[in-house]
Protein chains: 2
Amino acid sequence: MKSDRDRSVRLLWEPPAEPTRGPKAALSQSRVVEAAIKVADADGIDALTMRRVAETLGNTAMSLYRHVPGKSELLDLMVDAVWGETEPTPKGPWRAGLEFFARQVWAMYRAHPWMLQLTASRRIPGPHAMTRQDAAYAAVSELGLAAEEIVAVVTTVSHFVDGVGRTMADRVQAERETGVSEEDWWDGREALWEHFTPDRLPMMTHIWNSGGFECLLDEFEFGLARVLDGLAVFIESEERPLVRPQACL
Amino acid sequence: MKSDRDRSVRLLWEPPAEPTRGPKAALSQSRVVEAAIKVADADGIDALTMRRVAETLGNTAMSLYRHVPGKSELLDLMVDAVWGETEPTPKGPWRAGLEFFARQVWAMYRAHPWMLQLTASRRIPGPHAMTRQDAAYAAVSELGLAAEEIVAVVTTVSHFVDGVGRTMADRVQAERETGVSEEDWWDGREALWEHFTPDRLPMMTHIWNSGGFECLLDEFEFGLARVLDGLAVFIESEERPLVRPQACL
DNA sequence: CTTAACTGCTTACGTTGTACACTAGGTGTA
DNA sequence: TACACCTAGTGTACAACGTAAGCAGTTAAG
């Protein structure tokens, strides 16, 4: 699962040259990546094994290694390919821009929930991810913010979307693995509800009794509006207090 | 990796009775959980294998199965044990309460970054996690919010903290795996910087040149302040538009 | 003492990523 | 044409993983 990271950089940023000699390749890097994404979409990231990807292509596991250095790099390529499906944030007012960016990322996570499960290790950012990021920064570039404030503002939105996304991704994965919907599953946890007593969990039981868990507000919409409101307070304020980490004071 | 979930509920909520007969156990559930947490803290969640945990206890892998039904349940127990290390949110003004909650969770994630990597599947919430959640809801219970609004407000904070936490956790894991600090590592990616050209990534290069990436604002502090500002706007507004998912209209 | 309950260990199996050595197929040069 | 050389894909093998099954030793209850 290790990987030579400079090799990854080349892999992502410099498309491989076609070889002149030897037999024509039935497979190709993009076909492998495409198949891998399809597997992950269908059955989750845990189902993404080299053998499985090869199988869907009608080949053996080892054949993939002619086109992809290893699984880790395959994941890098998958991530950037998915970023490539999103639209870069267009120019315009900052709030509309950040909202657009957030919705694009959110849509991406909904289409490929496994994306959130493999940002885990230090992954090389690919060109698609980078241009999208760049366009998001551009959305808040005309506000007279300091460079590090631009980064901080976009990062705040990203963190929120990542947070919601992860919860959603977990839910999707669980529903696929168990074959039981979220609601049905919790309904079936009577053994758990027995421990919901007002003395141990007063607020929980209160919310439960008032139906607060039955029909939740849309977590993404609600949270995004709040986050953007909070950023508006910051952006529109006269003096902006900088919060720097200690190392930078 | 599967697990009988009602068994998990009992495991988490109903502490096991001591057996009367048989040899005294050298191991115990809590010792196993404790050792597992230590392994994960030290070397990350990937290093958490049954063999490794057993080794640190001076036993063999299979001995653990006398005290813990399987790895999945061990993870459940670890998660709740770590929640047990946090302080429940005290009563007081809503903003101070939410901030306290956020800081507790943040501190927890910093101490145990692996927590964020294994919320993956549908995990049974344990008593500690639940009481902390309950106390967080209580922080916004006196504001005249609807039950689902209480949930949404706390959830928004959680999502943000989860988002920042994940980024942090990824960084920690990467630093441990590679033995290279974040900064040094990016410095070493010259192959990557070559592709940072103003025509492809105008904002990136601009921010880079103005030093915006060299000394980032504290992501947690900055974002938390914005999120709380945004929630304040919502909480203090006269009429609060409810954002319900379509299914609930 | 006998017996039942319990602890911990040994062995073994299937699944994973992938190293290594191989065959079959194609292009260039002599 | 003949040969050298590269390349695509295969087959086998290995170490590490979670854990099922069964066994040997230990202790308290009857």
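No hydrogens, no waters, no symmetry mates; every other heavy atom, side chains included, goes into these values. Just so it is clear, the structure is predicted and the values come from calculations on it, not from any experiment.
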d([atom1], [X]; [atom2], [N]) in whole Å:
X	N	atom1	atom2	result
B/Arg52	D/dG18	CZ	C1'	17 Å
A/Tyr65	D/dT7	OH	C1'	19 Å
A/Glu55	D/dT10	CD	P	13 Å
B/Leu64	D/dA20	CG	C1'	15 Å
A/Leu27	C/dA24	CG	P	20 Å
B/Arg66	C/dC9	CZ	P	11 Å
A/Glu73	C/dT18	CD	C1'	12 Å

B/Glu14 side chain near A/His195 side chain, heavy-atom distance below 4.5 Å: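 B/Glu14 reaches A/His195 side chain to side chain.
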
A/Phe220 and A/Phe160 aromatic ring geometry - parallel, tilted or perpendicular at 30°/60° bounds: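 Answer is parallel, since the angle falls under 30°.
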
Parallel, tilted or perpendicular, as decided by the 30° and 60° cut-offs, for the rings of B/Trp13 and A/Phe196: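 Rings of A/Phe196 and B/Trp13: tilted, as their planes differ by 30° to 60°.
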
Sequence-aligned protein contact record of nucleotides 10-16 of chain C, with B where the base is within under 4.0 Å of a protein heavy atom and S where only the sugar-phosphate is: BBB---B

Atom pair CD (B/Glu34) and NZ (B/Lys38), whose distance is rounded to the nearest 0.5 Å: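 The CD atom of B/Glu34 sits 5.5 Å away from the NZ atom of B/Lys38.
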
CE-CH2 distance between B/Met130 and B/Trp83, expressed to the nearest 0.5 angstrom: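 Those atoms lie 11.0 Å apart.
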
Under-4.0 Å side-chain N/O to phosphate OP1/OP2 contact, A/His67 with D/dG9: yes

5' precedence on DNA chain D between A/Gly58 and B/Ala47 (nearest-nucleotide basis): A/Gly58

Distance-only side-chain donor-acceptor flag, B/Trp114 / B/Asp41, under 3.5 Å: yes

